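Let me begin by presenting the structure, written as structure tokens, before commenting on it.
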Amino acid sequence: MTQDFTENFIDVEGVEKVFDVRRRAGLLRRERHQVRAVDSLTFSVPRGEMVGYIGPNGAGKSTTIKMLTGILTPSAGRLRVAGIEPSRERTRLARRIGVVFGQRTTLWWDLPLIDSYRLMHRMYRIPDARYRENLDRCVELLELGGLLETPVRQLSLGQRMRGDIAAALLHDPEVLYLDEPTIGLDIVSKAKVRGFLRDLNAERGTTVLLTTHDLTDIEQLCRRVMVIDHGRPMYDGELSGLHAFGDGERTLVVDLERELPPVQVESARVVKVEGPRQWLAFPAAQSAAPLVARIAAAYPLVDLSVREPDIEAVIARMYARAPSPERPGEAGAPVGR
Amino acid sequence: MGTSGASGTLRLYAAVVAGGFRRYATYRSATAAGVFTNTVFGFIVAYTYMALWDERPGLGGYDEAQALTYVWIGQALAQALSMFNAGFAVDMVARIRNGDIAVDLYRPVDLQLWWLASDLGRAGFQLFSRGVVPLTVGALCFPLALPGDPVVWLEFLVAVALAVVVSFAIRYVLALAAFWLIDGTGVLQFGGVVGMFFTGLLLPLNAMPGALGDLARVLPWAALLQMPADILLGARSGADGLLRAYAFQAGWAVVLLAAGRLLQSSATRKVVLQGG
Ligand SMILES: Nc1ncnc2c1ncn2[C@@H]1O[C@H](COP(=O)(O)OP(=O)(O)O)[C@@H](O)[C@H]1O
Ligand SMILES: [Mg+2]
């Protein structure tokens, strides 16, 4: 196996994917039109990073993942994973990557879970000792112990998803792509999956690209987030930067000793009063410390807390402002690294 | 990759064969119901043939005992050769339709070999679980012309194995049509009806008259039931006859598998470029 010494493990440069869609329009006539699922996408992911990839339905997330696995060829642009062009060397790359498609399963539907794992053992030619070690680890951390002899069709969605994640990791992939791994899961299952992914990334240094439209996944797992809409990248950077980008405001909640008229303080305004408790909005980019100091100096402050802006709202605003794909390049959205 | 690569590949597909076998082994009640159906159906066809051969003794070169043997071999092989349902092809069409086929594609396996291995496992299970009982019941209730020579049985089993491969190869081609046609399931149903007729499950191909018979005897479906039955009935005795039967089966297997491979690579291109 050749070791890849380039810094970026995933390299995407100006990638596009255009689908030709043929629709029946009348008895004999067929209309052709094109769907631009991904448009001038550029990003790179260094080895060992865990990146969140978010966007609404139809944004192009799955299309991106499919191109990264090689089961879909880009219409334009350059794409490398571990130095390999995925669509040209799909099979060779498959031995180095793991994929979980949330809505599909790689498991053998009618057979006990363990049979699928034995098959992975053969399919990826995993050395016996390594296979047993990885299986034991996944079984323990993903709590699959009691499920190995259960036919996959009898597993709950959450159990099946954990089963699928284990299946994707038995061959020690260097990168794991997860396409909506928490979709449809209950809170307990979501927490298990997230905890596992966090450990995987921290302890094994596995590069993770996580697609989701559940922002909590991102908030709990990824420092870096990429936002895509209508196939176009909208934001790429720290999750905290997203707050500022959305020109959101943070909220300072103060509890005073007693009921008082609205607090008068520079660079913040009171948005709500409820007895001795007051809510103050201030720019998300600004530090809360001087503000707190000023209030504490002038008012009988008992307690306080800072609330981050609702990230859902930030992103919704971002989408609303996005240029529609028919009018490209109208309003510039900052895409940086 | 060398030897270890080859043995690794062998172990992989052996595991798939075993999985295909076990998958069907889990459905015990379905198996029991199937055995019952095949046996009942065998009685119905057997009595029909007795009436027919009463009227036309020696039809298709068979005497009555040989005709009855043909009936029960047909019932014994019906499931293993997927004569009543398209088996794996139904799953495959569903995966093409719902896009799961993309998952199959990214794994480091060959799609055709994968499905073939899993279908061989299924056929192996059904040959013994659903074949032995009908044939035994038939032998107990009717005067059958079964050979006593174990070598003939062995030759018969080789022909059955080739027949399973041809049956797979036909259905693989039909299933792949779902990449281009909207109604993939319809293609399978049509193929099933045509197949049932040309396999000779209702009337031996030997007994089909004129041009229709001539045609039926050279189509790939002739490799499924007629060839193994001929061998068991001693109609292909002698090294020459036997080899010709095997060559006919193997020839169709190669042609159809190659056609499947060609279609598969163009289907793969379509998926990789068009997403399905
Ligand atoms: N095979 C395909 N043929 C035509 N259009 C497609 C195909 N796959 C995806 N699309 C379209 O591309 C866009 C992006 O889809 P997708 O990548 O699945 O989005 P997401 O995963 O973000 O929900 C959608 O408009 C979708 O309808
Ligand atoms: Mg998607």
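Side chains included, hydrogens not; waters and symmetry mates left out as well; all remaining heavy atoms used. All figures in this text were calculated on a predicted structure; none of them were measured in a lab. In the text below, chain A, chain B and the rest are named by the order of the sequence lines, each starting its count at 1.
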Which atoms of A/V21 approach chain B - backbone, side chain, both or neither, heavy atom under 4.5 Å: neither
Residue selection (most heavy-atom pairs with chain B, distance under 4.5 Å) from A/K17, A/R90, A/M67: A/R90
No-hydrogen, no-angle side-chain donor-acceptor test under 3.5 Å, A/T105 and A/D164: yes
Between B/F43 and B/W72, ring centroids under 6.0 Å: yes
Selection from B/V272, B/L273, B/L12 maximising heavy-atom pairs under 4.5 Å formed with chain A: B/V272
Residue B/R11 excluded, over 12 heavy atoms near CZ under 6.0 Å: no
Other residues, nucleotides, ligands: >12 heavy atoms within 6.0 Å of B/F128 CZ: no
Residues in residues 107-120 of chain A that sit under 4.5 Å from chain B, counting heavy atoms only: A/W108, A/D110, A/L111, A/D115, A/L119, A/M120
Exercise: identify the closest heavy-atom pair between B/G74 and B/L201: O-CD1, 4.0 Å
Closest-packed option against chain B by number of heavy-atom pairs under 4.5 Å, given A/I71, A/T69, A/L93, A/I97: A/I71
Atom CG of B/L202: over 12 foreign heavy atoms under 6.0 Å: yes
Side chain / backbone / both / neither for B/R269 at chain A, heavy atoms under 4.5 Å: neither
B/I101 portion near chain A, given a 4.5 angstrom heavy-atom threshold: neither
Distance-only donor-acceptor check, side chains A/H33 and A/D20, under 3.5 Å: no
Carboxylate-amine/guanidinium proximity below 4.0 Å for B/D110 and B/R261: yes
Engaged part of B/Y24 at the chain A interface, taking heavy atoms whose separation is under 4.5 Å: neither
Donor-acceptor pair between B/T9 and A/R125 side chains, under 3.5 angstrom: yes
